[in-house]
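Working notes, structure below.
Residue numbers start from 1 in every chain, and the chains themselves are labelled A, B, ... in the order their sequence lines are given, proteins ahead of strands.
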Amino acid sequence: MYHKSKGYRVFYGLNIVFLILISLMCIFPLIHVLAVSFSSASAAAANLVTLWPVDFTLKSYEETLSNSKFLDALLISVVRVALVLSLGMIVTVLTAYPLSKFNLKGGKWLAWFFVVTMLFNGGLIPGYILILELGIMNTLWALILPNIVNVYNIILMLNFFRNIPRELEEAALIDGAGQLVTLFRVYLPVSLPSIATIALFIAVQQWNSWFDGLIYLSDTSIWPLSTLLQNLLIAPDLTNNAIDSETLAQMSEKTIRASQIFIGALPILIVYPFLQRFFVKGIVLGAVKE
Amino acid sequence: MNKGHSVLYFMLIPGIVLVLIFNYLPMGGLVLAFQNYKPWLGIFGSDWVGMEHFRALFSREDSLQVIWNTFVIAGMKIIVGLVVPVLFAILLNEIRQMGLKRAVQTLVYLPHFMSWVILGGILLDLLSSRGLFNDVILPMFGIGPIPFLTDGDWFRFVVIASDTWKEFGFSTIVFLASLAGINPALYEAAEVDGATRFKQTLHITLPSMVPIIVVVGTLSLGSILNAGFDQIFNLYNALVYDKGDIIDTYVYRVGILSSQFSFASAVGLFKSVIGFILIVIAYRLAYKFANYRIF
Amino acid sequence: MVQKKTRKMIATLLTIVLALSMLAACSSNNNNGNANGNGNNPANNGGEQVQETENPQSDGFVNGKFEPAVEISTFKCNNNLQYREGESIQDNVHTRWAKDELGIQIKYDWVTSGDQCANKIRLALAGNQDLPDVMVIGDYQMLGELIEAGKIMDVTEAFDKYASDQVKAIYGQDPSYWFSVSKDGAKYGIPTLNESMNNDSVLYIRQDWLDKIGMPAPTNFEELEKVMEAMIAADFNGDGKKDAPLALGLKNDLNPLATYMTDVSWVFGGFGAIPGYWNTWNDENTLEYGSIQPEVKEALAKLQEWFKKGYISQDIGLLDERKGSEQFTSEQSGIIAGPIWMYNWPIQASLMKNNPNAVVTPALIPAGPSGKVGRHGTTIPGQVIVFRKDFEHMDAFMLYLNKLYEYNNPVAGSPYENGWHEGYDYVIKDGKVSRARADFPDETPIDVSKYFIMEGVKLVDPHLSLEIRRKLYNGEKPVTPQELQWFNTATEEEKANPKANKTWQAVDVVLQQKDTSILDMYLGAPTETMVNKGEALRTLEHETFLSIIYNKAPVDDFDKFVEKWKASGGDEITAEVNEWYQSAKNK
């Protein structure tokens, strides 16, 4: 066995140290944000907080969690992610499967038909007019329907499908199963790592997008969390404005912002560890052997 | 074999319908690039100006410099952003302690969730003349202060490095998924042949990952002129315009003075065309040399 | 069998697609109800429903209010306001007040963030949607577009007819108030008026540090340099480093050299010109661009010298106003220039809380080498209130405006004598009126003016509050309700000793140098050449100036800049600006 060799053991030890160092580097900004969120507003405003709270207080969390706007928005974000995730996953699989077949006539051109939309888009105005004409302006559908198809995910999925041994498909077809049955009974069970990956991509992307909410939803009570948070980060337009200390103070409430960022990111952060069990090696083999 | 094919076409219908409505229909808006669009006149009422906006993009004295900056920064981000996650996925894949593996995996993906507004502030604190690097770390090695954010070349380095740092953990996921798909029987066979782990990596792991690397690489070429507005906007300053100003920040500054939907459309179209050409080339090359059809 | 299954799957799929499109159709129906700008939407009114009328007539004006209520729709570009429990933008103490007192139902058609404000209007125009009745526009370029699009109303007549004498008197103070909205003899809106000198700088200095080095507040640059030198040497925060004593922050895409906090304009003013400002530098009939005046070169040389000596930080180019002021609040720097209100935040709210022993005093702007004193001034006309072309209720809006002006400066015995609403902008504590922060529930007073249609605009005589605060600082007893309101913002200790109120002191200081404020006199929309070449010129300017300050370029590069600026569009811009100036002046 290779992992008994001395050289490999040295490598293995170094590898672990290296990976832990890298992880520490990556967790650092989050710790900083956390520390700020637990610090007093005055210390944060003077930029005195690094990796440990200064004048520890829970005030910002009390304020954030008592804000009904914040919790409503959290719920709307969850709804948005759930809807786009379920609809998007169905469409991604249904589209990627046929396109993954090399022998699908015109498949290459159909694939290009989708890829072109990754590059060319009409921009803000036609998109807005479309949403208006479809009558979904100021409804949650304006954030959902345009996001169901994600070509990048489709291309990834079709490549994952292509990596699945052809023998599986052929065996199923010989058994008399149709394409749909093959897809759902044979392909999907062995594609759990890729499905988990794409589910994560969709969830993260939908959780984070904020711009469409700002443009398509005039009613702030149905804003998703990302839009709400983004709006807190962006300073109001100060041109020609009568600026005063109150406005600035509120704009610069670093501790509350930090707690909101943290609470806002938390739900999506815990999705990944949960999905990780699908990445465990050997699933493919197990499925094949069954 | 062919009798099932009609089903395959049916499967495509929802995707095609959605793309037609939400992507192709609005593409009519590309004509804005050739107009002097005024919102209240509409597409049909605005004046046509032909290629004027494209000329405007190139007419500024340092237009080419800005396009070049964009190209260099985005290009480096694509390359580094591909190499690092692949290597990291392979290293991580070696870990057999599942708990550690998952912990590392989760931690490195955290920075992806921080916006550049926040990270920009943190980087500023780290890299300024009084920041952690210049104040603590570099003096330990006897190195003088480095103008990370006020010198053009350093600025580019910071932009590429910090982007890699933010995104590599997230990009690793897709490669880990492809690693999970490798048939363990291959390793078992190699083991029997007495191949070292390094050789196994070279001859089994890497080749199995090549398709997905090629796909991710090719698709990212589409954004060869998107160097990351949010990041640069939050970090740059007038001192690094020469090396760090990119197309999007330039368009933003034009927009402060006048809303130029048409100009922005023209710039967008230009970026799309360049990206599209590169994707077509990469697609052809992959097909010709690796005999691999990306999509 | 297989085919059957397949068919079933297809049927399922088609059902999904169908269901989706039906959902879309459903919500479309809902929305048609919403999108109709004038119809009342009970769901959005937050409870209080207005009686629907076909055509609310102005002649339904009884007992000082509209009966039935008139609806005025508008929008807001800020979703960061604080509300009391249960209140919202659509339903709060102010909207209820407007409805009950004036019979005006304020309705917000949309809310978005400040940076997307103009875009949202443009999208509404592009989508052929109805604009709100009343729009408050801060972006003069947007204003120009709306005028060009013919979407907004000439208000000359309505203002003359409905404005109260008080409002007319205030708007008659200075013809320049109307410059920004005047075009071809018409007035396309009502400018809001910022408080005079709201952003003009004073110098805030660490008095405790000055005392330790035994120096008085500097009156000119030479003394200032000595103070800075001493501050570096004394290393008051004890970190063993040579901290820059003067806090600046020059990251601002519009005008980094004349801004609110961390302002540097006074260094240029000390030589006699403000970069980025249009003013009559050399001839009282001609506007010229500040950045190309030779005085700017001398100021740049001075800043370069200060940079080399470590008086200003190596990071100034990276810091915006808020980040820049952290140098001061984290006790690295001991000197910062900023507006009169800056003592409240961040100085008191941050620095004083972290270090209760810190003492900061507002001081006069020091004079340049030739004895000149100058700083950037606050332009009084700011955002503009404009009205949809066929808006029918100018009478209602003007009533709203008149009343706001009236009650913001209430007469004795008025129901608004103590402020707008108890528990919001004032509280009664132990039978006495208080406006001090500590006496409010959660220590959170609510500035009711933030809920006005013209958010945050004080709507009083622009010069009034400065005069009041100066009086109070000089120990005069408050007499009028407005004076009392200001007086009540102070702590008991300050009421006994008004000299201890630093904000009042800052007002006193800023007024002592009243005549040194220099205004940006161009109030029009970006001209044609500005639109086409402005970005390149501005980029060139910021790059050149910052490079000179950072000692990356010789001071003489300034001359090249001036030449280039003039040749690549600057001369045209100057001509266009003066064309505007002549036409605006002769109205």
Margin query: I'd like to know which of C/K251, C/E326, C/K552, C/M142 tops the heavy-atom pair count under 4.5 Å against chain B.
Written below: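 Among the listed options, the one with the most contacts to chain B is C/K251.
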
Next item on the list: Return the option, out of C/T544, C/D243, C/N532, with the maximum number of heavy-atom pairs under 4.5 Å with chain B.
Entry: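 Result: the option with the highest number of such pairs is C/D243.
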
Note to self: Counting heavy-atom pairs closer than 4.5 Å to chain C, which one of B/L235, B/D135, B/D62 comes out on top?
What the structure shows: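 Ranked by heavy-atom pairs under 4.5 Å with chain C, first place is B/D135.
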
Checklist line | Non-neighbouring partners of C/P256 that pass side-chain contact (heavy atoms from CB on, under 4.5 Å), sequence neighbours left out | finding: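 With sequence neighbours excluded, C/P256 shows a side-chain contact (heavy atoms from CB on, under 4.5 Å) to C/L250, C/N252, C/H542, given in chain and number order.
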
Checklist line | Distance-minimising heavy-atom pair for B/A238 and C/L546 | finding: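 Closest pair (atom of B/A238, atom of C/L546, distance): CB-CD2, 3.8 Å.
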
I'd like a table of donor-acceptor pairs (distance under 3.5 Å, sequence neighbours excluded) in which one partner is a side-chain atom from residues 31-50 of chain B, with atom names and distances.
unit_1, atom_1, unit_2, atom_2, d
B/Q35, NE2, B/I43, O, 2.7
B/K38, NZ, C/E148, OE2, 2.7
B/S46, OG, B/K38, N, 3.1
B/S46, OG, B/G42, O, 2.7

Atom group of [X] that falls short of 4.5 Å from chain B, counting heavy atoms:
X	value
C/T539	both
C/N119	side chain
C/E543	both
C/K564	side chain
C/K533	neither

Item checked: Euclidean distance, C/S568 OG relative to B/E61 CD, rounded to 0.5 Å ->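 That separation rounds to 7.5 Å.
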
Check: Which value, rounded to the nearest 0.5 Å, describes the distance between C/I316 atom CD1 and B/S128 atom OG?
Finding: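 Rounded to the nearest 0.5 Å, the CD1-OG separation comes out at 13.0 Å.
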
So does [X] have more than 12 non-hydrogen atoms from other groups sitting under 6.0 Å from [atom1]?
X	atom1	result
B/M76	CE	no
B/F54	CZ	yes
C/E528	CD	no
C/K241	NZ	yes
B/F133	CZ	no

Checklist line | Within-4.5 Å side-chain heavy-atom neighbours: B/R130 and C/Q314 | finding: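 No - every pair of side-chain heavy atoms lies 4.5 Å or more apart.
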
Notebook entry, point to check: What residues form a ring-ring contact (aromatic ring centres under 6.0 Å, His included) with B/F233, not counting sequence neighbours?
Noted result: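 B/F233: ring-ring contact (aromatic ring centres under 6.0 Å, His included) contacts with B/F229, B/Y252.
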
Next item on the list: Indicate yes or no for a side-chain donor-acceptor contact from C/K323 to the backbone of B/L124 under 3.5 Å, with no hydrogens or angles considered.
Entry: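 Such a contact is absent between C/K323 side chain and B/L124 backbone.
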
Next item on the list: Check whether any side-chain N or O of B/N237 sits under 3.5 Å from a backbone N or O of C/L318 as a donor-acceptor pair, and report yes or no.
Entry: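 Absent.
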
Check: Which bit of B/N234 is near chain C, if near means a heavy-atom gap under 4.5 Å: side chain, backbone, both or neither?
Finding: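 Backbone of B/N234 only, per the 4.5 Å heavy-atom cut-off to chain C.
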
Notebook entry, point to check: Measuring heavy-atom distances to chain C, does B/R253 have an atom under 4.5 Å in its side chain, in its backbone, in both, or in neither?
Noted result: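 B/R253 touches chain C through backbone and side-chain heavy atoms alike.
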
Item checked: Residue-level contacts of residues 136-160 of chain B with chain C, using a heavy-atom cutoff under 4.5 Å ->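 From residues 136-160 of chain B, the residues near chain C are B/L149, B/T150, B/D151.
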
